[in-house]
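Notes to accompany the following structure.
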Amino acid sequence: MSLSLPHEGERDLAGRLALVRERISDAAHAAGRSVDELTLIVVTKFHDAALLRELAALGIRDFGESRHQEAREKADALADLDPTWHFIGQLQSKKARQVAAYASVIHSIDRAQLADLINTSERVEAGTVIDCFVQVNLTEDPARGGVAPTDAQALAAHIESLPGLRLLGVMGVAPNDGEPQRAFEQLRQVSMDVRQSAPGHPPSRPACRTTSPKR
C-alpha cells in the first residue's frame, strides 16, 4: 500500500505515525483483515539514528533499510534497543553474509546463490535462522531485481531445503508506470503457487510494496 504522508513540519512525528496507523487500520478493515495480522515496517533510509530512537519510543520495532553500509551503522548505534532490522534493498552476493549479520528479515532473495551464501554452517550449528521473502519481478524488464514469476516456485523450494533460512512468502514492488492492483493480483497468484510447491512455509500473505515519488 502506498501512503501519501504529510510533509515534514505539517505534523509532529507522533502525529504522522498515528496517521499511518489509522490508514493501515482502515485498509485492513476494508480488506476484511485484522490489523494484528500486519507488521508496520518503517523505512528509514537517509534518516539518522536519532530519529529511529524517537520512533522506537513511539512503539516502532521494525525498521527497513536498503543500503548496507548505512544499515550496519544504524544497527550498531541502536544495538541497545534490539529492534528488528528488515533488509529491503537489492542484495549483492559479496554483501549477503554481512547483511545477514544484523538483519532478521531479508526481503530480496531472488536467486539460489544468495540463499546459499546466507545459509552458513556456523548459522546452522548455532540454530539461528534468517527469515526471508522471495522477491518477484513484476515488470517486463529483466534488469529489475527479482526472480521471474515462473521461477519463483523453484527458488522457494530451494530455500525450504536450507536449515538456516525460513521462507515467509513472496515480495514484489509494483512498477512505477503500471496499475499496482494488477501487479499485486499477479503476486497473489505467485504466492498461491509457492504455497503448493513449498507447503512447509507459514501461511503468510504476499508482501506488496509500491514506490512513491520522491519529494
Side-chain angles (χ1 to χ4, degrees), residues 1-24 35-36 38-110 114-135 145 164-169 171 173 204 207-215:
M1 175 172 50
S2 179
L3 298 175
S4 297
L5 300 181
H7 292 283
E8 297 287 340
E10 291 184 12
R11 293 178 182 232
D12 61 13
L13 186 62
R16 299 204 307 277
L17 181 58
L19 178 60
V20 171
R21 285 175 165 153
E22 179 182 343
R23 292 180 177 178
I24 290 174
V35 72
D36 294 333
L38 309 177
T39 299
L40 170 59
I41 304 169
V42 177
V43 179
T44 48
K45 181 176 65 172
F46 301 138
H47 293 286
D48 60 25
L51 178 65
L52 275 66
R53 285 191 177 275
E54 291 184 55
L55 287 165
L58 294 171
I60 295 298
R61 302 297 306 158
D62 294 81
F63 296 106
E65 292 283 342
S66 60
R67 296 164 61 91
H68 164 59
Q69 184 63 36
E70 181 181 349
R72 182 171 58 184
E73 291 173 359
K74 290 176 184 175
D76 290 341
L78 302 174
D80 58 303
L81 298 180
D82 194 27
T84 298
W85 294 101
H86 298 253
F87 190 80
I88 62 174
Q90 288 304 114
L91 186 57
Q92 298 177 2
S93 298
K94 63 182 180 181
K95 296 181 179 178
R97 291 179 179 175
Q98 297 175 54
V99 168
Y102 59 81
S104 298
V105 189
I106 297 177
H107 292 238
S108 48
I109 303 295
D110 61 2
L114 283 179
D116 292 339
L117 287 170
I118 296 168
N119 184 60
T120 62
S121 58
E122 294 82 4
R123 181 177 302 284
V124 174
E125 291 174 3
T128 58
V129 176
I130 292 285
D131 289 335
C132 66
F133 289 86
V134 169
Q135 181 176 355
L165 278 70
R166 178 167 49 216
L167 180 63
L168 296 186
M171 186 281 287
V173 180
S204 60
C208 307
R209 295 209 313 266
T210 61
T211 53
S212 302
K214 295 181 180 179
R215 289 196 291 266

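Everything quoted here is computed from the prediction, not taken from an experiment.
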By side-chain hydrogen bond (donor to acceptor under 3.5 Å, both in side chains), Thr39 pairs with (sequence neighbours left out) none
side-chain hydrogen bond (donor to acceptor under 3.5 Å, both in side chains) filter on Thr44, not counting sequence neighbours, yields Glu65
Rounded to the nearest 0.5 Å, how far apart are CZ of Phe63 and OG of Ser104?
12.5 Å
So which heavy atom on Ala96 is nearest to which on Leu91, and how close?
CA-CD1, 3.9 Å
Can you list every salt bridge (Lys or Arg N to Asp or Glu O under 4.0 Å) pair that touches residues 85-103, not counting sequence neighbours?
none
Of all heavy-atom pairs linking Leu81 and Ala56, the shortest is CD1-CB, 3.8 Å
CD/Glu54 to CD1/Ile60 distance, rounded to the nearest 0.5 angstrom?
12.5 Å
Partners meeting side-chain contact (heavy atoms from CB on, under 4.5 Å) with Gln69 (sequence neighbours left out):
Arg72, Glu73
Please find the pair of heavy atoms, one from Ala100 and one from Ile130, that lie closest to each other, and give the distance.
O-CD1, 3.7 Å
Provide the closest heavy-atom pair for Thr120 versus Leu117 in the form atom of the first, atom of the second, distance.
CG2-O, 3.3 Å
What distance do Gln90 atom CD and Gln135 atom CD have between them, rounded to the nearest 0.5 Å?
4.5 Å
Does Ala57 have any side-chain contact (heavy atoms from CB on, under 4.5 Å) partners at least two apart in sequence or in another chain, and if so, which?
none
Measure across Ala77 and Ala49 and return the closest heavy-atom pair with its distance rounded to 0.1 Å.
CB-CB, 4.2 Å
Can you sort out the partners of Leu58 under side-chain contact (heavy atoms from CB on, under 4.5 Å), two or more places apart, ordered by chain and number?
Leu13, Ala14, Leu17
Applying salt bridge (Lys or Arg N to Asp or Glu O under 4.0 Å), name anything that partners Arg67, two or more places apart in sequence or on another chain.
Glu70
Heavy-atom nearest pair, Leu52 first then Lys74, reads CD2-CD, 4.1 Å
Answer yes or no: is there a donor N or O on one side and an acceptor on the other, between the side chain of Ser108 and the main chain of Gly89, under 3.5 Å?
yes
Gap separating the CG atom of Leu114 from the CD1 atom of Ile106, nearest 0.5 angstrom:
8.0 Å
For Asp131, the side-chain hydrogen bond (donor to acceptor under 3.5 Å, both in side chains) test, sequence neighbours excluded, returns Arg166
Going by the side-chain hydrogen bond (donor to acceptor under 3.5 Å, both in side chains) test, which pairs reach into residues 77-86, not counting sequence neighbours?
Arg53-Asp80, Asp62-His86, His86-His107
Give a yes or no answer on whether the side chain of Asp116 reaches the backbone of Asn119 with a donor-acceptor pair at less than 3.5 Å.
no
Criterion side chain to side chain contact (heavy atoms under 4.5 Å, CB included) against Phe133, the qualifying member of Ile109, Val105, Asp110:
Val105
State which residues pass ring-ring contact (aromatic ring centres under 6.0 Å, His included) with Phe87; sequence neighbours excluded, sorted by chain then number.
none
Partner residues of Ala18 under the side-chain contact (heavy atoms from CB on, under 4.5 Å) criterion, sequence neighbours left out:
none
